[in-house]
Amino acid sequence: MNTPAIEATRTPGTSHLDNTATTCRTLESAFDRCMRYRERGWPAKLVRHPMREALWAAYSALPWLRPREVAARLFTRERLSILLPELSALELYRHGCIEPDLTAVVLRNLKRGMTFVDVGAHYGYYTNLARWLVGAEGVVLAFEPGRQAFSLLSRNTSHRSDVRLENMAAGATNGTATLRDFGPRHSALNTLKGQARVPPRERDRLIVRSYEVPCERLDDYLARHRLRPDFVKIDAEGSELDVLRGMEQTLKETDCLVSIEVGDYDDGPSMSRECIAFMTRLAFSCFESRQGDLIPHRVRASYDYGNLCFRKT
């Protein structure tokens, strides 16, 4: 794609991020409060936010209700447009965060001036969090191939001229790929693979439409824009290994932190184990997160849904 090169440093603009006194420590404190609220029981949450809890309960119990766009208030105090009853949207709407362990890793490791790459950005939760952390001197890139998800991502970052969005997939080759889109209720499951990465009984209930999307190797994209990533988050619904293969040279030349979504729901070889083996060959060690601490990971035979992190030792 013929787009201008992104400079690694930026001139401060008028974004509130350039003038705020918000620090990583402040965000971590806000996240801690979010986690304490998340652990409260339903009655306490109902007293605190009756309308929000009522809407969450309705869409949780009656997922056939017509999709509804709402604004989720994140722990950063920003608002994110999402679509209920999509599963991650329900979590964002109710608690203001998703994936607490990975969120904590991002908070602890992403610093001002760094470059963050969000592969599979969806509504933009991590994209917006990263923008707070890297500041005006940093770079945030977000890749999202789904049409409807990208539309919401664009709106959620429209006030941020220093976030670069790409309505495309990252993969092992350049060209086009077929995206299987499961609609607004299941947009987080959209995949370039033959089927959704969910248990077989759930696949039978999904309605899919397919369309072609641009696809590019991260090695080529990053080289063209003269960027070296510090943190790459990959949530590609089964295509994680393809994304890694498409950024092999970048992984060899940098010591970036990489997070990868895992999960095996098919018979046959474990894609999650293949990702671990690929990263191990490139001298990356595998970790799991426990409240933001990176703990050495012991490889399993197969994996349920989760995230693993990798960095060079």
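Ionic pairing of E202 and R197 is not present here: no N-O contact between side-chain nitrogen and carboxylate oxygen is shorter than 4.0 angstrom. Salt bridge present: E137 and R112 bring a charged side-chain N and a carboxylate O closer than 4.0 Å. The existence of a salt bridge linking D293 and R108 is confirmed by a sub-4.0 Å separation between a basic side-chain nitrogen and an acidic carboxylate oxygen. Using a cutoff of 4.0 Å between basic side-chain nitrogens and carboxylate oxygens, R281 and E248 are not scored as salt-bridged. For the pair E78 and R131, the salt-bridge criterion is not met [side-chain N within less than 4.0 Å of a carboxylate O].
A side-chain donor from one of T127 and D118 sits under 3.5 Å from a side-chain acceptor of the other. Between the side chains of Q148 and S187, not a single donor N or O lies within less than 3.5 Å of an accepting N or O. E86 and S88 form a side-chain donor-acceptor contact under 3.5 Å, judged by distance and modelled atom types alone. N128 and N156 are not linked by any side-chain donor-acceptor pair at a separation below 3.5 angstrom, with hydrogens and angles left out of the test.
Counting only distance, with no hydrogens or angles, the side chain of D219 and the backbone of Q249 share a donor-acceptor pair below 3.5 Å. Using a distance-only test at 3.5 Å, with no hydrogens or angles considered, no donor-acceptor pair links the side chain of R228 to the main chain of T250. Remark: side-chain polar atoms of R290 are not paired, donor with acceptor, to backbone N or O of I295 under 3.5 angstrom.
To the nearest 0.5 Å, atom CG of residue D101 and atom OG of residue S259 are 12.0 Å apart. With values rounded to the nearest 0.5 angstrom, W132 atom CH2 is found 12.5 Å from L107 atom CG. The CZ atom of R298 lies 10.0 Å from the CD atom of E288; values are rounded to the nearest 0.5 Å. Annotation: the span from L83 atom CG to L90 atom CG amounts to 11.0 Å, rounded to 0.5 Å. With rounding to the nearest 0.5 angstrom, the CD1 atom of I234 is 5.5 Å from the CE atom of M247.
Side-chain rings of Y221 and F143 approach one another, their centers coming within less than 6.0 Å.
Heavy-atom contacts from other residues, nucleotides or ligands closer than 6.0 Å to CD1 of I207 number 12 or fewer. Residue Q291 qualifies as open at atom CD: its count of foreign heavy atoms under 6.0 Å is 12 or below.
Minimum interatomic distance between L192 and R180 (heavy atoms only, all atoms of both residues): O-NH1, 3.8 Å. Nearest approach of F150 to E144, heavy atoms of both residues: CD1-O, 3.6 Å. Nearest heavy-atom pair, A58 versus L65, reported as atom, atom and distance to 0.1 Å: O-CD1, 3.8 Å. The minimum heavy-atom distance linking P100 with F31 is given by the pair O-CZ, 3.4 Å. The two atoms that bring R52 and H49 nearest to each other are NH2-CD2, 2.7 Å, heavy atoms only. Counting all heavy atoms, side chain and backbone alike, L153 lies closest to G124 at CD1-CA, 3.5 Å.
Hydrophobic cluster membership is shared by L62 and L84, with clusters built from Ile, Leu, Val, Met, Phe, Trp and Tyr side chains linked at under 4.5 angstrom. Both M168 and V119 are part of a single hydrophobic cluster, where members link through side-chain heavy atoms under 4.5 Å apart.
The salt bridge (Lys or Arg N to Asp or Glu O under 4.0 Å) with E53 is formed by just one residue from the set K45, R94, R40; it is R94.
A cation-pi arrangement is present between R147 and Y211, with the terminal nitrogen or guanidinium carbon under 6.0 Å from the aromatic centre and inside a 45° cone about the axis.
Side-chain contact between F284 and L251 is present, with at least one heavy-atom pair separated by less than 4.5 Å. The shortest side-chain heavy-atom distance between T176 and C215 does not fall under the 4.5 Å cut-off.
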Point to revise | Check against side-chain hydrogen bond (donor to acceptor under 3.5 Å, both in side chains), Y125 and E99 | key: CA-CA 10 Å; Y125 170 75; E99 301 178 318; over 6 Å; no
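Ring-plane geometry between H95 and Y37 is classed as perpendicular, the angle between the planes exceeding 60 degrees on a 0 to 90 degree scale with a lower cut at 30.
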